[in-house]
Chemist: 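After the structure tokens below, expect a handful of questions from me.
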Amino acid sequence: MDVFLTSPWIPAEWIRAHGLIPRGIWASESFHSGGSPLSAGVCAFAEAAVRFAETATDSVVIFSTACDQMRRGFDTAQLHGLERDFLFNLPATETLAAKQIYRAELERLGRFLLAIGGHAPAAATLRQELMQSNATRQRLLESATTTSPRGFAEAVSRFHWDGEYSPPPPDAQGNPVALALVGGPFLPPHWKLLDEIEAAGGRVVFNATKTGERSLSPSFDWAAGTNPFDALVRGYHDHMVDVFQRPNTRLYSWLKPRLAAREVRGIVLWLFTGCDLWRAEAHTLRKTFGLPVLQLEADEATGFSARDLTRIQAFVETLQ
Ligand code: SF4
């Protein structure tokens, strides 16, 4: 059975070790198919997750508590009778208690997976899953600076879809204006934005969106004999990099060396309309890194506007 994850911080390796198939919901072709008009103020990503859960009746969707919108999305799905779905409590702090909550949530998720037809995970299977995932994440991260922005986005998406590594083709870089793309989910219909940025003379050298390089942060290391479940808990909890964490200093500590190493000259802040978490970061990003920030809002999960293109062109032009 397919188990669709709404966050990269819900371990796909744990699902796979239970004999089920984890899928990043954002990588599904039917996730962003548009459809009903948006309710005012509702983030299109959260709304698309609810719509998806309503139609994918032969699979389950794991929502997360990363934000109020997603929580409400889960409540809505439950009201519509989708009781097979699951709400994963993602702790917002980095304390020891938070790690224990994360561990307990993984155990609770494990019981849910058993109830929907999964099998108890063998330690050797989980260890194998972690090792394979580690290797693939590493290869993807190494390719981030040598491949086209679009090729990289596609390769990361493929990884979240089936766990596979499809090497993105190497790409000549020239001397464009180096930009970082920072923010929430950046879905396949949005990838053409990367081409538009290149056409304008820029290049996204650092894709720090929720579905880009940031989603590859989990990392598993263990001394010989370490329980793989402990490695899983540590590998995710200690490497989660997201805007909902309080304080979200880990996000800024993670961004800082990468922005410097790639000589980024401007930040494109990518967010969904209704996402207060990312909108609130615009000022702090500017202040912390001393870089110009262009805020782009996706008001639906299916694309971006012509007006955004003009703003991108103007932004790149001012940095040239
Ligand atoms: S984009 Fe923002 S509002 Fe939407 S689900 Fe993600 S964190 Fe929540």
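Just so you know, ligand 1 is whichever comes first in the structure, and atom 1 is the first atom listed for that ligand.
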Chemist: Can you see which heavy atom on Asp238 is nearest to which on Lys99, and at what distance?
Modeler: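 Closest approach of Asp238 to Lys99: OD1-CE, 3.1 Å.
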Chemist: Does at least one non-hydrogen atom of Cys43 fall below 4.0 angstrom from an atom of ligand 1?
Modeler: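 Contact present.
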Chemist: Does this structure show an ion pair linking Arg279 with Asp276, if we count only N-O contacts that are shorter than 4.0 Å?
Modeler: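 Counted as a salt bridge, because a side-chain N and a carboxylate O are separated by less than 4.0 Å.
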Chemist: With a cutoff of 4.0 Å, is Pro185 in contact with ligand 1, counting heavy atoms of the residue only?
Modeler: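 In this structure, Pro185 qualifies as a contact of ligand 1 - some heavy atom is under 4.0 Å.
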Chemist: Specify the closest pair of heavy atoms between Ala178 and Val205, including all atoms of both residues, with the distance to one decimal.
Modeler: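 Taking every non-hydrogen atom into account, CB-CG2, 3.8 Å.
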Chemist: So, Arg51 and Thr55: side-chain donor and acceptor under 3.5 Å apart, yes or no?
Modeler: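 There is no such pair (donor and acceptor under 3.5 Å, judged by atom type) between the side chains of Arg51 and Thr55.
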Chemist: Give the contacting part of Cys67 toward ligand 1: side chain, backbone, both or neither, where contact means a heavy-atom distance below 4.0 Å.
Modeler: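 Cys67 to ligand 1: side-chain contact only, backbone stays beyond 4.0 Å.
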Chemist: For the pair Trp26 and His160, name the ring-plane relationship: parallel under 30°, tilted 30 to 60°, perpendicular over 60°.
Modeler: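 Trp26 and His160: perpendicular rings.
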Chemist: Give me the residue, atom name and distance of the protein heavy atom closest to atom 2 (Fe) of ligand 1.
Modeler: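 Of every protein heavy atom, Cys275 SG, 2.3 Å lies nearest to atom 2 (Fe) of ligand 1.
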Chemist: Under 4.0 Å from a heavy atom of Gln69: which atoms of ligand 1 are those, numbered in the order shown and with their elements?
Modeler: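 Checking each atom against Gln69, I get 3 (S).
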